[in-house]
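Single-structure report; data block below.
Below, each value reflects all heavy atoms present in this structure, side chains not excepted, and no hydrogens, waters or symmetry copies.
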Amino acid sequence: MVRSPCPITKSPPRNLPGIYYCATSEEPVSVKIATTIPDVETAVAKRFPSFESILGTRSFIHECLVTCVDAMDKPHRFLLAYQEHPEQPPNRALLKVLPGHDFCGELVVMRAGKRSLVVNMKGKRDMELAEEAVRRFLLEVTRRRARNRRIHYTPELPDNLA
């Protein structure tokens, strides 16, 4: 698990941007994710995005940090939170990111910061890099499933995909 509970704070949650790949939608949707930000951020007291407010609580939420590089070879990290719903067909919005995948579920992606767990997404470049992070995630899921053909759920993924 990448997130850790945030200590009590006096500040109300802030809405930080993310991209939601809904299981019933053809296209990803920009969303605002309520994020608790501690009064003083430390290695223990981190920002806490409420993925439950977007994905709901009917299935366990898994998290993964994915690193991808831009055209200047600069690394960028993204936090992906996902739920699986094996009873549903493959996610159509994700099929546009990686045609032929068989991921059945929903996914939310947020930009990760250098010193903060999640930060604002800025502009078209961050959106494109976020899509690349989702593509890398789906490729890794597909690769791990190919090793274990009998598994109908996503095999355990590391907290970080570099």
Side-chain angles (χ1 to χ4, degrees), residues 1-6 9-56 61-85 90-143 154 157-162:
M1 178 152 292
V2 178
R3 294 181 301 168
S4 57
C6 180
T9 179
K10 295 176 185 155
S11 305
R14 282 191 29 215
N15 289 321
L16 294 181
I19 304 169
Y20 176 39
Y21 292 85
C22 180
T24 58
S25 179
E26 296 283 336
E27 297 289 333
V29 178
S30 293
V31 292
K32 298 289 185 185
I33 300 161
T35 303
T36 302
I37 300 176
D39 297 326
V40 177
E41 290 187 63
T42 66
V44 178
K46 298 179 183 177
R47 295 179 179 200
F48 188 85
S50 176
F51 294 123
E52 294 81 2
S53 66
I54 305 295
L55 297 172
I61 295 175
H62 306 273
E63 300 159 9
C64 182
L65 278 168
V66 179
T67 303
C68 50
V69 293
D70 63 17
M72 305 299 281
D73 213 30
K74 181 181 173 189
H76 299 268
R77 295 183 327 141
F78 292 87
L79 177 59
L80 277 68
Y82 61 96
Q83 285 182 329
E84 293 198 77
H85 307 297
N91 184 310
R92 294 186 313 259
L94 290 172
L95 280 169
K96 293 185 178 184
V97 175
L98 184 67
H101 79 82
D102 62 351
F103 183 81
C104 303
E106 301 183 300
L107 185 144
V108 175
V109 60
M110 294 180 79
R111 183 170 166 248
K114 291 179 183 163
R115 291 176 292 283
S116 297
L117 180 61
V118 290
V119 295
N120 279 322
M121 237 186 244
K122 297 180 238 161
K124 184 178 178 183
R125 185 188 71 154
D126 279 350
M127 300 294 254
E128 290 168 350
L129 287 166
E131 184 173 301
E132 180 58 29
V134 170
R135 184 177 295 105
R136 291 197 66 201
F137 167 79
L138 292 172
L139 284 168
E140 183 64 18
V141 167
T142 302
R143 186 182 71 75
T154 302
L157 286 172
D159 286 342
N160 281 293
L161 282 178

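You'll find the side chain of Pro17 stays beyond 4.5 Å of the side chain of Ile33, heavy atoms only. Side-chain contact between Pro13 and Thr35 is absent, with no heavy atoms from C-beta onward closer than 4.5 Å. Contact check for Glu63 versus Leu80: no side-chain heavy atoms found under the 4.5 Å cut-off.
You'll find the ring centres of Phe137 and Tyr82 inside the 6.0 Å limit.
One finds the CG atom of Leu129 at 11.5 Å from the OG1 atom of Thr67 (value rounded to the nearest 0.5 Å). Note that the CD1 atom of Ile54 and the NZ atom of Lys32 stand 11.0 Å from one another [nearest 0.5 Å]. Atom-to-atom distance recorded for Leu107:CG and Tyr20:OH is 10.0 Å, nearest 0.5 angstrom. To the nearest 0.5 angstrom, Phe103 atom CZ is 7.0 Å from Leu138 atom CG. The OG atom of Ser50 sits 9.5 Å away from atom CG of Leu55, with the distance rounded to the nearest 0.5 Å. Taken to the nearest 0.5 Å, the CG atom of Leu94 stands 9.0 Å off from the CG atom of Leu98.
In this structure Asn15 satisfies the side chain to side chain donor-acceptor pair (under 3.5 Å) test with no other residue, sequence neighbours excluded. Remark: Ser25 pairs with no residue by the side chain to side chain donor-acceptor pair (under 3.5 Å) rule, at least two apart or across chains. In this structure Arg14 satisfies the side chain to side chain donor-acceptor pair (under 3.5 Å) test with no other residue, sequence neighbours excluded. Partners of Arg115 under the side chain to side chain donor-acceptor pair (under 3.5 Å) rule, at least two apart in sequence or in another chain, do not exist in this structure. Applying the salt bridge (charged side-chain N to carboxylate O under 4.0 Å, His left out) test to Lys96 and every residue at least two apart in sequence or in another chain returns Glu27.
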| field | From CA spacing to verdict: side chain to side chain contact (heavy atoms under 4.5 Å, CB included), Val108, Tyr21 | value | CA-CA 6 Å; Val108 175; Tyr21 292 85; over 6 Å; no

Q) Can you check side chain to side chain contact (heavy atoms under 4.5 Å, CB included) on Leu79 and Leu117, steps first, answer last? A) CA-CA 8 Å; Leu79 177 59; Leu117 180 61; 4.2 Å; yes

**Request:** Would you please test Val141 and His101 for side chain to side chain contact (heavy atoms under 4.5 Å, CB included) and show each step?
**Result:** CA-CA 9 Å; Val141 167; His101 79 82; over 6 Å; no

>> Is there a salt bridge (charged side-chain N to carboxylate O under 4.0 Å, His left out) between Glu140 and Arg143? Walk through the geometry before answering.
In response: CA-CA 5 Å; Glu140 183 64 18; Arg143 186 182 71 75; 2.5 Å; yes

Phe78 vs Met110, test: side chain to side chain contact (heavy atoms under 4.5 Å, CB included). Steps then yes/no.
CA-CA 6 Å; Phe78 292 87; Met110 294 180 79; over 6 Å; no

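Applying the side chain to side chain donor-acceptor pair (under 3.5 Å) test to pairs two or more places apart or on separate chains, those with a residue in residues 69-79 are Asp70-His76.
Although no hydrogens or angles enter the test, the distance criterion places a donor-acceptor pair under 3.5 Å between the side chain of Arg47 and the main chain of Val118. Of the possible polar contacts, one joining the Asn91 side chain to the Gly105 backbone as a donor-acceptor pair under 3.5 Å is found.
By the 4.0 Å N-to-carboxylate-O rule, Glu132 lies close enough to Arg135 to be salt-bridged with it.
The minimum heavy-atom distance linking Ile19 with Met127 is given by the pair CD1-SD, 3.5 Å. The minimum heavy-atom distance linking Glu106 with Ala23 is given by the pair OE2-N, 3.3 Å.
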